[in-house]
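Within every chain, numbering begins at 1; the chains are lettered A, B, ... in the order of the sequence lines, protein sequences first and strands thereafter. Just so you know, these numbers use all the heavy atoms, side chains as well, and skip hydrogens, waters and symmetry mates.
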Amino acid sequence: MKIGYVSTNRSLCKADSTVKLDHLERVKGVANSNLECLKRTLEWNVEHDILFFRISSNTIPFASHPKMTFDWRKEMRGLLEEVGEVIREKSIRISMHPGQYTVLNSERGEVVRSSIEELKYHADLLDLMGVEGKIQIHVGSSKGGKEEGVRRFVENFSLLPENLRNRLVVENDDRVYTVRDCLEVWRGTGIPIVLDNLHHSLNNDGESLEEALDLVRGTWRGTPMMDYSSQEPGERRGVHASTLSETDFRDFLKVVKDVDVMLEIKDKEASALKAVRIAKEMNKIKSF
DNA sequence: GTGCGTCAAGACACA
DNA sequence: TGTGTCTTGACGCAC
């Protein structure tokens with residue numbers, strides 16, 4: 001089992017800085033600083049037995065934007081290779097997660113086109129690093145019903161270049177598409193399913209978490225990825241916890257096995273350190 | 001150094 | 001048709 005966290009290490013440096021659109025001239029500097037920080041973060045993570053990481057979509061801000069003129073694929077190549085070397089050498093598992101505006105199955109052609117450009121940026125970034133790594137998105141729109149939404153997803157998936165199709169994975173969401181709906185996507189595309197425990201608790205077809213994990217396991221060739229978070233007490237439903245609840249996480253680890261776990265918790269590396277300690281205590285990962 | 005108005009983008013519920 | 005919410009800050013200007 002590998003444990004990871006999202007985007008940036010708050011105690012180290014910022015790997016997810018961005019700029020505003022009218023300051024695109026700053027992108028090069030920010031991208032450079034993000035990648036330097038990403039490298040430091042990955043090295044820090046390895047020292048702390050954190051071997052799973054979600055790279056920020058902001059790494060190269062506005063990379064897929066039509067106004068972008070900076071040739072990041074060329075200019076950042078050297079640094080991307082350096083980061084990739086760390087990832088390969090230390091066998092770090094990598095994911096990325098484009099935001100809510102990436103809607104592959106939108107009814108609107110221009111939204112689909114810009115979504116594909118955004119996905120290509122993610123795939124190219126990982127290609128240039130020379131690493132494996134999955135790009136995780138939600139099914140998206142449910143206009144016309146879920147069946148229709150899945151149909152559009154499968155149809156648009158076939159438009160994607162191969163280097164992207166091989167990296168795409170789909171995640172159950174907290175409002176519309178359940179794990180079983182994602183299985184329909186898998187049947188049409190063959191892409192694996194990332195199970196999110198909090199979304200599953202809010203939106204499911206009656207399966208326990210353990211049953212849901214059994215369902216998605218068959219969509220992966222190797223170890224499945226899972227997203228883990230817990231509900232922030234007293235907050236609106238779906239709000240991620242500010243820090244890891246040790247009790248909740250122990251209960252979670254009692255149920256799951258043979259998965260890699262991405263923590264979606266606001267205090268990031270602080271919770272990851274706690275999670276690694278707990279997982280070691282429960283013999284879910286070996287101590288070094 | 002701090003406060004706060006604003007930020008690229010989609011989808012959907014609701015008035 | 002317009003507005004608010006999701007989510008979640010963080011940029012960056014004004015002071």
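Of the residues in residues 134-150 of chain A, none has a non-hydrogen atom less than 4.0 angstrom from any atom of DNA chain C. A heavy atom lying under 4.0 Å from DNA chain B marks the following residues of residues 100-119 of chain A, by number: Gln100(A), Tyr101(A), Val103(A), Ser106(A), Arg108(A), Val111(A).
At whole-Å resolution of the value, CG in Asp16(A) and P in dG9(C) are 11 Å apart. Taking atom CD of Glu171(A) as the reference point, atom P of dT7(C) lies 12 Å away to the nearest angstrom.
Look at the P atom in both dC13(C) and dA8(B): the space between them is 13 Å, to the nearest Å. The same atom, P, is picked in dC14(B) and in dT7(C); the two are 16 Å apart, to the nearest Å. Separating the C1' atom of dA10(C) from that of dA11(B) is a span of 24 Å, rounded to the nearest Å. To the nearest whole angstrom, the two P atoms, one in dC7(B) and one in dG4(C), are 16 Å apart. Remark: the separation of the P atoms in dT6(B) and dT8(C) is 23 Å, to the nearest Å.
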**OP:** Mind running side-chain hydrogen bond (donor to acceptor under 3.5 Å, both in side chains) on Asn105(A) and Ser141(A) for me, showing each step along the way?
**Re:** CA-CA 6 Å; Asn105(A) 75 344; Ser141(A) 163; 4.6 Å; no
Original post:
So Lys266(A) and Thr243(A), side-chain contact (heavy atoms from CB on, under 4.5 Å) or not? Walk me through it.
Top reply: CA-CA 6 Å; Lys266(A) 286 178 183 164; Thr243(A) 191; over 6 Å; no
Subject >> Full working for side-chain contact (heavy atoms from CB on, under 4.5 Å) between Lys274(A) and Glu246(A) >> reply: CA-CA 8 Å; Lys274(A) 282 201 274 184; Glu246(A) 297 204 13; 3.4 Å; yes
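With sequence neighbours left out, Glu207(A) forms a side chain to side chain donor-acceptor pair (under 3.5 Å) with Arg180(A). Looking at residues two or more places apart in sequence or on another chain, you find a side-chain contact (heavy atoms from CB on, under 4.5 Å) between Asp258(A) and Arg217(A). With sequence neighbours excluded, the residues forming a side-chain contact (heavy atoms from CB on, under 4.5 Å) with Lys67(A) are Leu21(A), Leu24(A), His65(A), listed by chain and number. In this view, Asp173(A) and His138(A), Arg175(A), Val176(A), Tyr177(A), Asn203(A) satisfy the side-chain contact (heavy atoms from CB on, under 4.5 Å) rule, not counting sequence neighbours. Val112(A) meets the side-chain contact (heavy atoms from CB on, under 4.5 Å) test with Ser106(A), Ile116(A), Asn156(A); sequence neighbours excluded. Not counting sequence neighbours, the partners of Arg151(A) by the salt bridge (charged side-chain N to carboxylate O under 4.0 Å, His left out) test are Glu148(A), Glu155(A).
Of all nucleotides in DNA chain B having an atom under 4.0 Å from a heavy atom of chain A, the first and last in 5' to 3' order are dG5(B) to dC12(B).
Summarising the geometry, atom CD1 belonging to Ile193(A) is positioned 8.5 Å from atom CG belonging to Asn172(A); distances are rounded to the nearest 0.5 Å.
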Interface polar pairs with nucleotides 12-15 of chain C, N/O, under 3.5 angstrom:
unit_1  : atom_1 : unit_2   : atom_2 : d
dG12(C) : OP1    : Lys20(A) : N      : 2.8
dG12(C) : OP2    : Arg26(A) : NH1    : 3.4
dG12(C) : O5'    : Arg26(A) : NH1    : 3.4
dC13(C) : OP1    : His23(A) : NE2    : 3.0

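Counting heavy atoms from C-beta on, the side chains of Ser91(A) and Leu51(A) never come closer than 4.5 Å.
Remark: DNA chain C forms stems of 3 or more consecutive Watson-Crick or G-U wobble pairs, all pair distances under 3.5 Å, at B:1-7 with C:9-15, B:10-15 with C:1-6.
One finds a salt bridge joining Arg54(A) and Glu264(A) here, because a Lys/Arg side-chain nitrogen approaches an Asp/Glu carboxylate oxygen to under 4.0 Å. Salt bridge present: Asp49(A) and Lys280(A) bring a charged side-chain N and a carboxylate O closer than 4.0 Å.
Between His199(A) and Lys268(A), it is His199(A) whose nearest contact on DNA chain C lies nearer the 5' terminus.
Val194(A) and Ile191(A) fall into different hydrophobic clusters, where Ile, Leu, Val, Met, Phe, Trp and Tyr residues are linked whenever their side-chain heavy atoms come under 4.5 Å apart, directly or through other members.
A distance below 6.0 Å separates the ring centres of Tyr228(A) and Phe249(A).
Pairs of residues two or more places apart, or lying in two chains, that qualify as salt bridge (charged side-chain N to carboxylate O under 4.0 Å, His left out) and include a residue from residues 16-27 of chain A are Lys14(A)-Asp16(A).
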